[in-house]
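Ligands are counted one by one from 1 in listed order, and the atoms in each one are counted from 1 as well.
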Amino acid sequence: MLENPVKIAVLVSGGGTNLQALIDAQNSGIIKSGKIELVIANNANAFALERAANAGIKTAVVLKKELGSAEAFEQKIKDLLSENGIEIIVLAGFMAILSENFTKDYPKRIINVHPALIPSFCGKGFYGLHVHEAALAYGVKVTGATVHFVNEIPDGGEIIMQKAVNIRENDTPETLQKRVMRQAEWKILPLSVEKVCAKLISE
Ligand code: GAR
């Protein structure tokens, strides 16, 4: 770990295997230019919260239905980010689309992992298992994962890294999802986070 690592917040909604990959990469030194300071979930039951707590990382839960509007939800997240001095935001299985009002405040500071090779199987409605269902229904032979910056276009920001994964004849959405995670997402997300943090430090 560098002396003044970039402060990272990870936004999650579910199981948090990508968060776990980031925690593991931090512990093994793959991520050395940044440090996860805060995990924010938009679902109180997200297992990702337990992963964060086990790693001694501060957590927060922000619920849209409690706050009453999308604006109040995004403002609450912004407040938490600024209170904690966060410099980089990683969306790791965060199943909410952030509005332009939010993304414009963090240009090239929000990173997302998407479980397909963008521009295939991406945009509104393509999230989680649906992405793999769509890839299998189309009949593509290669899919993968993409890490990209987030802007106002869902899955439309500049690509940072991609990794391809072969589809097998007997794949189900579930088997494909697992292989895309293991072979692609859990590798390129930590590498991308380190790349972005290292660049910020060098600037
Ligand atoms: C991951 O496959 C991630 O790429 C995907 O949801 C899963 C979350 O798993 N994200 C999206 O589809 C966003 N559009 P995790 O909670 O175990 O990291």
If every non-hydrogen atom of Val196 is compared with every non-hydrogen atom of Ile88, which pair is closest and at what distance? CG1-CD1, 3.6 Å
Heavy-atom nearest pair, Leu49 first then Ala60, reads CD2-O, 4.2 Å
Ring-plane angle category for Tyr106 and Phe102, please: parallel below 30°, perpendicular beyond 60°, tilted otherwise. tilted
Anything under 30° is parallel, anything over 60° is perpendicular, the rest tilted; go ahead and classify Phe73 against Phe94. parallel
Spacing of Ile201 atom CD1 and Lys32 atom NZ [to the nearest 0.5 Å]: 9.5 Å
From Ile153 CD1 over to His148 NE2, what is the distance, rounded to the nearest 0.5 angstrom? 11.0 Å
Nearest protein heavy atom to atom 8 (C) of ligand 1, by residue and atom, and its distance? Gly93 CA, 3.6 Å
Which residue and atom name correspond to the protein heavy atom nearest atom 9 (O) of ligand 1, and how close is it? Met181 CE, 3.3 Å
Is the shortest distance from a Lys or Arg side-chain nitrogen in Lys199 or Glu203 to a carboxylate oxygen in the other one below 4.0 Å? yes
Would you say ligand 1 has an N or O under 3.5 Å from any N or O of Thr17? yes
For Asn18 and ligand 1, does the shortest N/O to N/O distance drop below 3.5 Å? yes
Should we count NZ of Lys104 as having more than 12 external heavy atoms under 6.0 Å? yes
Any heavy atom of [X] closer to ligand 1 than 4.0 angstrom?
X	result
Met95	yes
Val131	no
Gly16	yes

Closest to atom 13 (C) of ligand 1 by heavy-atom distance, out of Asp155, Leu91, Val113, is Val113
With heavy atoms of [X] as the reference, note each atom of ligand 1 found under 4.0 Å away.
X	answer
Gly128	11 (C), 12 (O)
His114	14 (N)
Glu185	1 (C), 2 (O), 3 (C), 4 (O)

Heavy-atom contacts under 4.0 Å between Phe126 and ligand 1: side chain, backbone, both, or neither? backbone
